[in-house]
Structure formats: structure tokens, C-alpha cells
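Start at 1 and go down the list; that is how both ligands and their atoms are numbered. All heavy atoms count here, side chains included; hydrogens, waters and symmetry mates do not.
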Amino acid sequence: MNKVFVTRPIPQSALGRLRREATVEVWPGPQPPPYQELRRHVAPCDGLLCLLTDRVDAELIASAPRLRVISQMAVGYDNIDVAAATARGIPVGHTPGVLTEATADLTWALILATARRVLDGVRFIEAGRWTTWDPMGLLGLELHGATLGIVGLGRIGAAVARRAAGFGMRLLYTGPREKPAVAAGVGATYADFETLLRESDVVSIHCPLTPATRHLFDARAFALMKPGAILINTARGGIVDHKALLDAVRDGHLGGAGLDVTEPEPLPADHPLMAQERVLITPHIGSATVRTRTRMAEMAVANLLAGLRGEPLPHCVNPEVYTG
Ligand code: GLV
């Protein structure tokens, strides 16, 4: 039987299906396997089911001579050296689509909570400062009529845009190319990156982390944003320069930030962003609903099993392994 390493406990329905077709070792968690442990466990395996917390680099791939498939239980795969996998002819799977709605919901939770200063309100009460209704207290940003700028109108960006209709917002989007059909469907207008920054009251990030998007949001980008604007990131922490973000929030230029992803993850408890007023941080829970995580696990298992059988993966990030 094929041997498979799963880097953390995943929903049982998916694991059960995998166990019927392979000899499965599951890292017991709750923390990810340290890198050297990961390498040691993957070395004798035919298949790997991994998470965004696992560094699957060229050395790890090279030290697993039997490895025939890598299946990531996430849509993003910036933790995997896909080029190294492709060079070995190893298909890499991921889980697009099933987490779109859950992640768009969480994005809106952050937009609303950051714009209306929900966390600041909770902290205010916890500090014993709620003594009266204050006509000037905890004033936030009114979303109705404001402009939402979406960076990356992919599946998740479009789902976030769809939800904006209910809030009566003007929509802009940017990305490497215009997407007229998707944009027309959600009522969004294309703008170049700088125009979007200048005109948006809320900027929400939905692009992948690549060398081109690493620290896309740096001091220069924050300086271009409207005074009082809000930044939302549910994509990848590395897209934002956190030092520049801290400066932009601290000096009052930005109205706040809602982050479900940070760099690093977790952000150290004593990181100044953690305690910063107007900054709300959640622990990378965009896809964290029972239904979505179950579907992600099932999709990751389907990719893995296809790879072990020598069939094309239903959701493959490097389909060139089948043609080249
Ligand atoms: C989560 O961040 C994912 O990429 O699925």
C-alpha cells in the first residue's frame, strides 16, 4: 500500500477515506511538525498531505525519492516550492472554491468590526471606561456610500464584492489584468493600484503572495491611501510590510486595520500591532467553519488519492507536469 504523511489531524470523514486506500501516518499535533521532523516523516512516503504551516521546500522534496504527489489543504500554496516539485514531475494539489464564501464572510466581519471599532468598544468596556453615552466617542467609518477597493478580483475578491451591494458601497478593483466579465457581475470598476489606494475608504487584499506581491503594501502604498482609510487583509501576511503598517496606524494616517493573516504567524504576543488601538487581528480563521474545513479536507484527500493512482489531480497548481 502507498504510504502517506498527513501533517496534522484533519476532519475524520476525509481521513477515513484516505485510510481505506493508503497507509496513513498523521502528525498528532496540535503544533505543526518542526521542519526536520517533517522531512524525516516525508522521506519514505509516496504522498504528502500538508498545510500552509508546513515548509515544503526543494530540500524536503529532494529527500523523498518516492514522493509522487503533494496535496495542500488550502487554496494558497506559497509555502511549497512548486518549481522544485514540477522539476521532479510531482503534481501539487490545492483546495480552491470551497473556502470562497467562508473567507468572504470573515472578510466582512473584519471590515465591519474595523470600520465600526467593535474591538475598541470591547476593550473600552473591559477597561472600565464605559460611563455614559458619548456623542464623540468611538466614532468610526460609515460604510454606506464609501468606496471599497479590492486588490485581486479572484474568487474570494469577487465574493467580497458581491456582499458589498447590500452596504451600498462603490466598488473598485485592481490586479494584473482587467476582468470585465467578473467586474460587471459585481458592479466593480477597474483602477490601477495607485488610483485604487487614493480613492478607497476600505482596501481589502485578495491576491496571492508571490515575489511580485511581497510587501506590496509598504510605506509608499500607505502614504497613498486616503487619510482615515482602513486596510483589511485575509490573504497572506507577507503582502503587507507590518512595520510600515504600524507606522501608518500609529501616526493616525490610517483609520485602522483588520488582519486575519500576519507575518509571522502567530504574531508574537508583544508585537506592537497586537495592542494597537484600531487594529483587529484574528488568527488566520478565514476558512474556519465546520463545513468549509470538512470540504477542504475531502478535496485535499481527493487530490492525494488521484496522485497516488497516477491520475490527474482534480485541482492541480502545476498541470504542466502532465504535458511537459
Ligand atoms: C488559507 O489561507 C488558504 O490558503 O486556504
Novice: Is H284 in contact with ligand 1, taking contact as a heavy-atom separation below 4.0 Å?
Specialist: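 So H284 counts as touching ligand 1.
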Novice: Report yes or no: does a heavy atom of R236 sit under 4.0 Å from some atom of ligand 1?
Specialist: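 Yes.
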Novice: Which of these passes side chain to side chain contact (heavy atoms under 4.5 Å, CB included) with M274: V279, T262, L267?
Specialist: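 In the set V279, T262, L267, the residue that makes a side chain to side chain contact (heavy atoms under 4.5 Å, CB included) with M274 is L267.
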Novice: Ligand 1 and V75, any nitrogen or oxygen pair closer than 3.5 angstrom?
Specialist: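 It does: an N or O of V75 is found under 3.5 Å from an N or O of ligand 1.
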Novice: Does R40 come within less than 4.0 Å of E37, counting only side-chain N to carboxylate O?
Specialist: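 Salt bridge present between R40 and E37.
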Novice: Does the side chain of S287 pick up a donor-acceptor pair with the side chain of R293 at under 3.5 Å?
Specialist: yes
Novice: Does the cation-pi check pass for R129 over F124, that is, NZ or CZ under 6.0 Å from the six-membered ring centre and within 45° of its axis?
Specialist: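 No, R129 and F124 do not form such a contact.
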Novice: Check T103 against ligand 1 and report side chain, backbone, both or neither, counting heavy atoms closer than 4.0 Å.
Specialist: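 The answer is neither; T103 stays 4.0 Å or more away.
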Novice: For ligand 1, which atoms, with element, lie under 4.0 Å from some heavy atom of L99?
Specialist: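 The atoms of ligand 1 under 4.0 Å from a heavy atom of L99 are 5 (O).
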Novice: Does the pair E277/R117 count as a salt bridge with the N-to-O cut at 4.0 Å?
Specialist: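 Salt bridge present between E277 and R117.
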Novice: Give the atoms of ligand 1, by number and element, whose distance to some non-hydrogen atom of G76 is under 4.0 Å.
Specialist: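 So the atoms of ligand 1 that pass are 3 (C), 4 (O).
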